[in-house]
Novice: 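Okay, here's the structure, questions in a sec.
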Amino acid sequence: MLLLTPRARLRRLLRPGAPSPLEGRTVLVTGASSGIGEATALEAAGRGATVLLVARRSVELDRVREQIVAAGGTAASYVCDLTDLDAIDALVARVLDEHGGVDYLVNNAGRSIRRSLDLSYDRFHDVERTMAINYFGPVRLTMGLLPAMRAQGFGQVVNILSWGVQLKAPKFSAYLASKTALDTWSRIAAREAYGDNVTFTNMRFGLVRTAMVAPTEEYDGLRAMSPERAAEHVVRALEDRPVVWNVPVGVAGEVLGFVSPRLVDAVMHRLDRRTKNSAAAIGR
Ligand SMILES: NC(=O)c1ccc[n+]([C@@H]2O[C@H](COP(=O)([O-])OP(=O)(O)OC[C@H]3O[C@@H](n4cnc5c(N)ncnc54)[C@H](OP(=O)(O)O)[C@@H]3O)[C@@H](O)[C@H]2O)c1
């Protein structure tokens, strides 16, 4: 579900076949070594953007970069562990030096943990790990790149979040709290940066078939979006700059949770009892 800005709606109406606004612009994608990030990098490069690929696995980043270059696009890869705040500062310094800043930032790198609370009492590091990569990392990176965006009078930041921030699904307390933190931080940043033409889009995805969900046996056979389809939505959000992008189930869950929170607690509790922790979550 896409809430377009009036300007984007007008652009589509008046110039349906117009070139992408990404053409000739710089797009930094974190977590570009696989899944949604990789597919987004390829899609953005296909629209004429210079794509900066960020993740830890250099071999995978080089594979994606080579694929972009072979197709006639432009890309550069930057190895960075986004849980290391000093490494993020060094990345920002390098990107500013080599490119003068970025026009579009996709905060996509992330980590999901699906584990019930009763298996988590002695695992506070689950909370720390999810906050490190899903909240502190993207906030540090955004804060590093934001001054140049504001100075140039243009910027668009897309955060890859989850419908779980609306559904508040059991077994995901650490993961969804970290995604919700970024969701809220960005909404407030958007209000402060509004006058400098810097916008933020929070994308709350449902299930996407990537390496991240592979360890969860409960998802086998469930309907899931392909990473390529997800990437089309991400690039559309880069171009059109909506405030938020949701899937209908997420919106329904949010409304129900607002109208009848105790009832939703009861339903979610039943669902929780019917679904198991994965072998990976149990530690097998
Ligand atoms: N799949 C879903 O159903 C789903 C649903 C909603 C939201 N999401 C979100 O979508 C995003 C992408 O996930 P995905 O599904 O595409 O899974 P994925 O294929 O496992 O991709 C995760 C990416 O994050 C990068 N990453 C992880 N830790 C990192 C670190 N410390 N530093 C730098 N990069 C790091 C990984 O690269 P390296 O390992 O090379 O560092 C990888 O490129 C995540 O934020 C996830 O929470 C996924």
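Note that the numbering runs from 1 along the sequence shown for the chain. When a ligand or atom number is given, it counts from 1 through the structure's own listing order.
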Novice: Between Ser178 and Phe136, is there a side-chain heavy-atom distance shorter than 4.5 Å?
Specialist: no

Novice: What is the nearest protein non-hydrogen atom to atom 44 (C) of ligand 1, stated with its residue, atom name and distance?
Specialist: Asn108 O, 3.1 Å

Novice: Taking only heavy atoms of Cys80 into account, list the atoms of ligand 1 that are under 4.0 Å away from them.
Specialist: 32 (N), 33 (C)

Novice: Answer with yes or no whether the side chains of Arg111 and Thr83 bring together a donor and an acceptor at under 3.5 Å.
Specialist: no

Novice: Could you find the nearest protein heavy atom to atom 23 (C) of ligand 1 and give me its residue, atom name and distance?
Specialist: Gly31 CA, 3.8 Å

Novice: For atom 9 (C) of ligand 1, find the nearest protein heavy atom and state the residue, atom name and distance (0.1 Å precision).
Specialist: Ile160 CG2, 3.8 Å

Novice: For this output row, return yes or no: ring centroids of Tyr194 and Phe200 closer than 6.0 angstrom.
Specialist: no

Novice: Suppose we measure from atom 13 (O) of ligand 1 to each protein heavy atom; which comes out shortest, and what is that distance?
Specialist: Met212 CE, 3.5 Å

Novice: Using a 4.0 Å heavy-atom threshold (strictly under), name the region of Tyr175 that reaches ligand 1: side chain, backbone, both or neither.
Specialist: side chain

Novice: Looking only at heavy atoms, which two atoms of Ala281 and Arg114 are closest? And how far apart?
Specialist: CB-O, 3.2 Å

Novice: Please list the nearest protein heavy atom to atom 26 (N) of ligand 1 with its residue and the distance rounded to 0.1 Å.
Specialist: Ala109 CB, 3.9 Å

Novice: Do Met131 and Leu82 share a hydrophobic cluster, counting only Ile, Leu, Val, Met, Phe, Trp and Tyr and linking them when any side-chain heavy atoms are less than 4.5 Å apart?
Specialist: yes

Novice: Would you say the side chains of Asn107 and Thr142 form a donor-acceptor pair under 3.5 Å?
Specialist: yes

Novice: For ligand 1, which atoms have a heavy atom of Asp81 less than 4.0 angstrom away?
Specialist: 30 (C), 31 (N), 32 (N)

Novice: Apply the test side chain to side chain contact (heavy atoms under 4.5 Å, CB included) to residues Leu42 and Glu228: give CA-CA distance (whole Å), side-chain angles for both, the deciding distance (0.1 Å), then the verdict.
Specialist: CA-CA 9 Å; Leu42 295 172; Glu228 291 73 25; over 6 Å; no

Novice: Please could you name the atoms of ligand 1 that Gly35 approaches to less than 4.0 Å, counting only its heavy atoms?
Specialist: 16 (O), 19 (O)

Novice: Parallel, tilted or perpendicular: which describes the rings of Trp245 and Phe205, with under 30° parallel and over 60° perpendicular?
Specialist: tilted

Novice: Does Arg236 form a salt bridge (Lys or Arg N to Asp or Glu O under 4.0 Å) with Glu232? I'd like the steps, not just the answer.
Specialist: CA-CA 6 Å; Arg236 174 75 57 95; Glu232 284 171 20; over 6 Å; no

Novice: Among protein heavy atoms, which lies nearest atom 22 (C) of ligand 1, and at what distance?
Specialist: Gly110 O, 4.0 Å

Novice: Check contact between Ala224 and ligand 1, using heavy atoms of the residue and a distance below 4.0 angstrom.
Specialist: no

Novice: Do any N/O atoms on Ile36 end up under 3.5 angstrom from N/O atoms on ligand 1?
Specialist: yes

Novice: Measuring from atom 32 (N) of ligand 1, which candidate in Val79, Ile88, Leu82, Thr40 has the nearest non-hydrogen atom?
Specialist: Leu82

Novice: Quick one: does Thr210 get an N or O within less than 3.5 Å of an N or O on ligand 1?
Specialist: yes

Novice: Could you check whether Thr201 and Gln156, counting side-chain N and O atoms only, form a donor-acceptor pair closer than 3.5 Å?
Specialist: yes

Novice: Quick one: does Val213 get a heavy atom under 4.0 Å from ligand 1?
Specialist: yes

Novice: Which part of Ile133 is near ligand 1, with near meaning a heavy atom under 4.0 Å away: side chain, backbone, both or neither?
Specialist: side chain

Novice: Which protein non-hydrogen atom lies closest to atom 41 (O) of ligand 1, naming both residue and atom, and how far is it?
Specialist: Arg56 NE, 2.7 Å

Novice: Among Ser112, Gly206, Ser34, Ser162, which one puts a heavy atom closest to atom 4 (C) of ligand 1?
Specialist: Gly206

Novice: Quick one: does Leu161 get within less than 4.0 Å of ligand 1, heavy atoms only?
Specialist: yes

Novice: State whether a side-chain donor-acceptor pair under 3.5 Å links Thr199 with Arg241.
Specialist: yes

Novice: Which atoms of ligand 1 have any heavy atom of Leu207 under 4.0 Å away?
Specialist: 3 (O)

Novice: Have a look at ligand 1 and work out which part of Pro227, if any, has a heavy atom under 4.0 Å from it: side chain, backbone, both or neither.
Specialist: neither

Novice: Among protein heavy atoms, which sits nearest to atom 43 (O) of ligand 1, and what does the distance come to when rounded to 0.1 Å?
Specialist: Ser33 OG, 2.8 Å

Novice: Is any side-chain N of the basic residue among Glu38 and Arg63 closer than 4.0 Å to the acidic one's carboxylate O?
Specialist: yes

Novice: Could a heavy atom of Lys179 be found less than 4.0 Å from some atom of ligand 1?
Specialist: yes

Novice: Backbone or side chain, does any N or O of Val208 fall under 3.5 Å from an N or O of ligand 1?
Specialist: yes

Novice: With salt bridge (Lys or Arg N to Asp or Glu O under 4.0 Å) as the criterion, how do Asp265 and Arg262 come out once you've worked through the C-alpha distance, each side chain's angles and the decisive distance to 0.1 Å?
Specialist: CA-CA 5 Å; Asp265 279 359; Arg262 195 65 80 196; 3.6 Å; yes

Novice: If you look at every heavy atom in Arg57 and Ser33, which pair is closest and at what distance?
Specialist: NH2-OG, 3.2 Å

Novice: With clusters defined by side-chain heavy atoms of hydrophobic residues (ILVMFWY) lying less than 4.5 Å apart, directly or transitively, does Leu182 cluster with Leu167?
Specialist: no

Novice: Is it the case that ligand 1 has an N or O less than 3.5 angstrom from some N or O of Phe205?
Specialist: no

